[in-house]
Amino acid sequence: MKNSTKYFVLLIAVFFTVSCSTEFLDNPPEDKLVLDNFYTSDGQVLGSGSGLYGRPWFYFNEKFVYGLDTYAGNSVGAYSDLAQFENFSVNSTNQFVFEGWQSLFNVVAQSNTLLNNLEKNVGPATTPEVVERVKGEAYFMRATAYFYLVRIFGAVPILNKIEQYTDKVPTYRNNVEDVYKFIINDYNEAYKRLPLVTGNSSLERGRVIKSACDGMLAKVYITLKDYPNAKIHSENVIRSGDYSLIDDYGLMFNSPANNNSRESIFSLQWVGCVGYGYGNAAQSYITPTSEITGDYTGWKTFVPSIDLRNAYEENDKRRKSTIMLPGDFYPELVTKKGGYTVSPGGFGGSMGFRKYVIGSTAEFVGACPQQTNQNTTMLRYAEVLLIHAEAILGNSSSTASADALGSFNKVRTRAGLPAKTSITKSDIFKERRLELVLEGDYWFDLVRRDRAEAINIISNQERGAYSNIALLEVNSKKVVPTENSFLIPIPASELDANPLLRETPVPFQF
């Protein structure tokens, strides 16, 4: 049997990856630092936490999370590894899968490294409250990475000690219920340490606070169908007064000037034009044409599905801010030519995503080819409102609760749609789908639905393509998933490096 520690070769590579910047994520691409005298000031401690908000998440954000939207039926794509997601034929050698696994365990490794270093390398001039705050960020990020891992891969190994990286410790997968217990424990540890509010200095903007823990716990509990706890934590966020909906849905995703708006609870923080891996590369793959980016990108790797297009109600304001259709005019894009009108040209027309597209790299500060400073939304207030409504509905077939309708209709009326007087689970899931496109949620919403219901929904999705430029004729394509389709396989390279990952999961020793 191969030495199980080979599984950690990749993670050890990031063991000493920390940020020493005195500005939040305004850090150079330097990955090797002397740690013995590193944490000599509060600025250095806060700077070390800043690194958790970007680079470790890079390959998760570059393509993998958008591949999950393809799995869910929100997008399609011809690229070979992406086509596996579209066709429910994802295998263990898939490039996107390896990058997703790699990136999420990078987050775990860097969080563990930071927790270890804050215990051993903190100087006397640092403030204990600041040290504890950054520890809270590390617990928060580790919990979030595991929340993705367990929903994507099922049973995964829980890594929480540096010795697991440096010693020859046999590493097995742990039971799913233990992974969820570990996640909840980590969010609670984070809550103890994070502040109630954040400051306005460059080192503090965009950092998580206690309400972010409540928001993520609400999301965990709604996944587990623990409706009472989901209600408690979502109401904690609502009553905190820390967040509210912004008026214009699109501004959260299409304009870096609106990063860390009052609706943002937790976002990845990117810095463009610093170096590959520090900026947000999503625009390169999402944008439908290089005319918009003004450079060699705009690869149209991910294209909105016909099924997604058809899901929008008439007059839904989110549609134009999420997907482009022929004839749509965007005055804020290609401004040097007076704006951009989506043309009907090209096979299948020019339908493409608008969300997370900021425009020409020549016209925006902080944007370079394959790098922008547009935040990636991980959790925002609109989702908490929808979680709150769902938690109140619980296992009932419908509800006319004023509290549930109040939360649900705030999201719906912001989209320009009429309020509902009662709601069902299907109403909530549809609203979540359209509100959270490309935010990595629709697939997980399908996973947590009744399995037969989810298979029926997916089997009836239109995953085909338009056969004419007028977008009127469709070459239909339907794909039927199986019970085994709802977990993605662990990368083959990881199984080969550590065959123990093939064994039956074991309990975790808390």
Side-chain angles (χ1 to χ4, degrees), residues 60-79 81-90 96-97 100 148 151-152 249-250 252-254 282-283 285-288 299-313 316-325 348-357 376-378 380 382-383 386 411 415 426-449 453-466 471 474 476-481 485-486 488:
F60 168 83
N61 179 72
E62 185 199 33
K63 295 188 291 290
F64 177 72
V65 71
Y66 308 109
L68 292 180
D69 258 63
T70 303
Y71 217 37
N74 276 347
S75 62
V76 294
Y79 183 78
D81 287 280
L82 183 60
Q84 290 182 16
F85 282 81
E86 181 183 316
N87 298 322
F88 279 94
S89 59
V90 176
F96 292 3
V97 173
Y148 281 103
R151 290 180 295 166
I152 295 166
Y249 173 87
M252 289 182 287
F253 315 101
N254 308 331
Q283 173 169 268
Y285 300 95
I286 291 170
T287 311
W299 295 320
K300 203 176 182 179
T301 306
F302 301 91
V303 180
S305 69
I306 295 171
D307 198 78
L308 175 62
R309 179 196 176 179
N310 292 341
Y312 285 96
E313 294 177 50
D316 190 329
K317 294 179 181 179
R318 294 170 297 196
R319 197 282 299 165
K320 191 178 178 185
S321 294
T322 305
I323 61 175
M324 302 179 182
L325 296 178
S350 296
M351 185 167 73
F353 280 111
R354 171 70 182 97
K355 197 168 181 176
Y356 284 128
V357 174
T376 298
T377 297
M378 304 291 275
R380 55 189 174 87
E383 184 177 5
L386 294 175
V411 177
S426 292
D427 290 327
I428 293 171
F429 277 111
K430 180 178 180 181
E431 210 63 42
R432 284 180 59 85
R433 179 186 188 182
L434 299 177
E435 181 70 23
L436 304 172
V437 175
L438 294 183
E439 295 179 52
D441 285 286
Y442 187 44
W443 171 245
F444 299 128
D445 284 347
L446 288 168
V447 170
R448 65 189 181 89
R449 296 188 81 156
E453 180 184 27
I455 289 174
N456 181 61
I457 291 169
I458 295 167
S459 300
N460 285 286
Q461 290 175 339
E462 182 53 74
R463 296 186 176 223
Y466 290 108
L471 307 189
V474 177
S476 184
K477 176 182 177 181
K478 303 290 178 70
V479 180
V480 180
S485 301
F486 289 83
I488 290 177

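The figures that follow rest on heavy atoms only: side chains count, while hydrogens, waters and symmetry mates do not. Residue indices begin at 1 and follow the sequence shown.
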query = Is E462 paired with K477 through a side-chain N to carboxylate O contact shorter than 4.0 Å?
reply = no
task = Inspect the contact between D427 and K430 and indicate whether a charged nitrogen and a carboxylate oxygen are less than 4.0 angstrom apart.
result = no
ask   = Between V97 and F85, does a side-chain contact (heavy atoms from CB on, under 4.5 Å) hold up when you go through it step by step?
value = CA-CA 10 Å; V97 173; F85 282 81; 3.9 Å; yes
ask   = Per the side-chain contact (heavy atoms from CB on, under 4.5 Å) rule, which among V411, T322, L308 passes with L434?
value = L308
key: Shortest non-hydrogen contact from S321 toward N254   = O-ND2, 3.7 Å
ask   = Would you say R151's side chain and R448's backbone share a donor-acceptor pair under 3.5 angstrom?
value = no
request  = Looking only at non-hydrogen atoms, find the nearest pair between I428 and L386 and report the distance.
outcome  = CG2-O, 4.1 Å
ask   = Hey, which of W443, F88, Y71 is the one that makes ring pair (Phe, Tyr, Trp, His ring centres under 6.0 Å) with F486?
value = W443
Shortest non-hydrogen contact between E435 and A382, atoms and distance = OE2-CB, 3.5 Å
task = Would you please test Y285 and Y66 for ring-ring contact (aromatic ring centres under 6.0 Å, His included) and show each step?
result = CA-CA 9 Å; Y285 300 95; Y66 308 109; 8.6 Å; no
remark   = So OH of Y79 and CZ of F302: to nearest 0.5 Å the spacing works out to 10.0 Å
inquiry  = Please check this pair: side chain of S476 against backbone of G464, looking for a donor-acceptor N/O pair closer than 3.5 Å.
reply    = no
inquiry  = Looking at E383, is its backbone amide N or carbonyl O close enough to the side chain of R380 to form a donor-acceptor pair, meaning the two atoms are under 3.5 Å apart?
reply    = no
query = Say you draw a straight line from NZ of K355 to OG1 of T377; how long is it, rounded to the nearest 0.5 Å?
reply = 7.0 Å
ask   = If you measure from the Lys or Arg side-chain nitrogens to the Asp or Glu carboxylate oxygens, is any gap between E313 and R319 under 4.0 Å?
value = no
ask   = Centre of Y312's six-membered ring, under 6.0 Å away, within 45 degrees of the axis: is that where NZ or CZ of R318 sits?
value = no
query = Can V479 and I458 be said to form a side-chain contact (heavy atoms from CB on, under 4.5 Å), step by step?
reply = CA-CA 7 Å; V479 180; I458 295 167; 5.7 Å; no
key: Flag side-chain contact, heavy atom, 4.5 Å: R463 against D307   = no
query = Checking E86 side chain against T70 main chain: does a donor-acceptor pair fall under 3.5 Å?
reply = no
ask   = Any idea which heavy atoms bring P481 and S459 closest together, and the distance?
value = CD-OG, 3.6 Å
query = Are E439 and R432 within salt-bridge range, i.e. N to O under 4.0 Å?
reply = no
ask   = Side chain of N460, backbone of N456: donor and acceptor closer than 3.5 Å?
value = yes
ask   = Which of these, D69, V437, L68, sits in a side-chain contact (heavy atoms from CB on, under 4.5 Å) with S75?
value = D69
